[in-house]
Amino acid sequence: GMPSVKYPNGGGYCYHDFIEIEFFVEGAGIHYQNSIPWRVRSGYFYLLMPGDYHYYSLDESEQFQLYNIKLDVGCPRREIMELLTAYSRPYAVYLEGEEYETTLHEVELLYEYWRSREQNGAYPADAMAQNIAERIILLLIRNLGQPERSVVSSVPPKIRNITAYIDQHYKEPITVAEMAEMTGLTPHYFSDYFKKQFGIGFCDYVNRVRLFRAIALFDTTDLSVKEISAAVGFHSQAYFSRMFTKQFEISPSEYRKSK
């Protein structure tokens with residue numbers, strides 16, 4: 001798994017190679033999904049794809065109650081998963097009322113079925129489990145088409161475009177002035193606005209994206225620290241090492257040796 005990161009309430013990112021559905025029942029906090037923070041509350045319902053990483057940070061004195069469903073990549077069927085491609089990521093919505101109750105019922109049904117099978121880890125991909133899981137994903141897809149429920153709709157389009165740009169161009173130099181020009185804002189106002197939206201400064205956000213791309217390379221390749229530093233957009237290995245150690249409380253060379 002990922003090394004621990006310094007967020008309120010401790011803990012660390014979860015990084016996996018399966019499909020994951022989570023349905024949030026109680027509590028409030030921040031859900032960091034691929035480094036982007038989203039506000040969560042009762043009715044937060046989302047799907048993670050293989051290769052995604054995420055982390056919860058609780059609001060003070062809050063406790064989470066949620067259902068976590070792990071599915072093998074072959075369950076659900078490809079034609080169901082392909083329906084998601086019509087929507088922007090993250091695949092996440094806020095549900096209330098009848099939609100909340102309907103989804104909760106299906107999630108509880110799958111949870112109880114899984115418990116009855118006394119399985120650990122991924123859910124059994126038999127016909128019954130697959131059928132319920134597909135119904136849950138179709139409920140998510142139906143609600144992704146409702147702008148008032150989509151988590152993405154809560155972020156102004158200009159800022160949403162910036163995060164998409166960073167995900168695609170993190171290997172290249174990215175400056176506040178550049179991004180401010182893209183949004184039609186002054187650099188000072190852009191910086192303030194970005195931090196207000198995401199609770200993190202722009203430069204810190206870019207560094208975080210790069211650092212987690214570095215983790216993925218450490219975990220999946222034999223590249224050296226120097227090679228990975230350059231591959232994720234750091235033009236100084238010393239700066240990369242300093243930021244990596246600050247973020248993960250372990251140096252990149254130590255992390256490389258642990259792999």
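- Annotation: His188, atom NE2; neighbour count of heavy atoms from other residues, nucleotides and ligands within 6.0 Å does not exceed 12.
- Between the side chains of Ser224 and Glu227, at least one donor-acceptor pair of N or O atoms lies under 3.5 Å.
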Chi angles and distances behind the ring-ring contact (aromatic ring centres under 6.0 Å, His included) call for Phe248, Tyr255: CA-CA 9 Å; Phe248 301 123; Tyr255 189 74; 7.3 Å; no
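- The aromatic rings of Phe240 and Phe234 sit tilted relative to each other, their planes meeting at an angle between 30° and 60°.
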Derivation and outcome, side-chain hydrogen bond (donor to acceptor under 3.5 Å, both in side chains), residues Asn207 and Tyr239: CA-CA 11 Å; Asn207 278 342; Tyr239 181 66; 3.1 Å; yes
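- Between Tyr94 and Tyr44, the angle of the ring planes lies from 30° to 60°, which puts this pair in the tilted group.
- Taking both residues in full, the closest heavy atoms of Val176 and Phe202 are given as CG2-CD2, 3.5 Å, listed atom of the first, atom of the second, then distance.
- Counting non-hydrogen atoms of other residues, nucleotides and ligands closer than 6.0 Å to CD of Glu98 gives a total of 12 or fewer.
- Within 6.0 Å of OH on Tyr165 lie more than 12 heavy atoms contributed by other residues, nucleotides or ligands.
- Ring-plane geometry between Tyr100 and Phe23 is classed as tilted, the angle between the planes lying from 30 to 60 degrees on a 0 to 90 degree scale.
- Salt-bridge check for Lys70 with Glu20: failed, with every basic side-chain N at 4.0 Å or more from each acidic carboxylate O.
- For CE of Met182, the number of neighbouring non-hydrogen atoms (other residues, nucleotides, ligands) closer than 6.0 Å is greater than 12.
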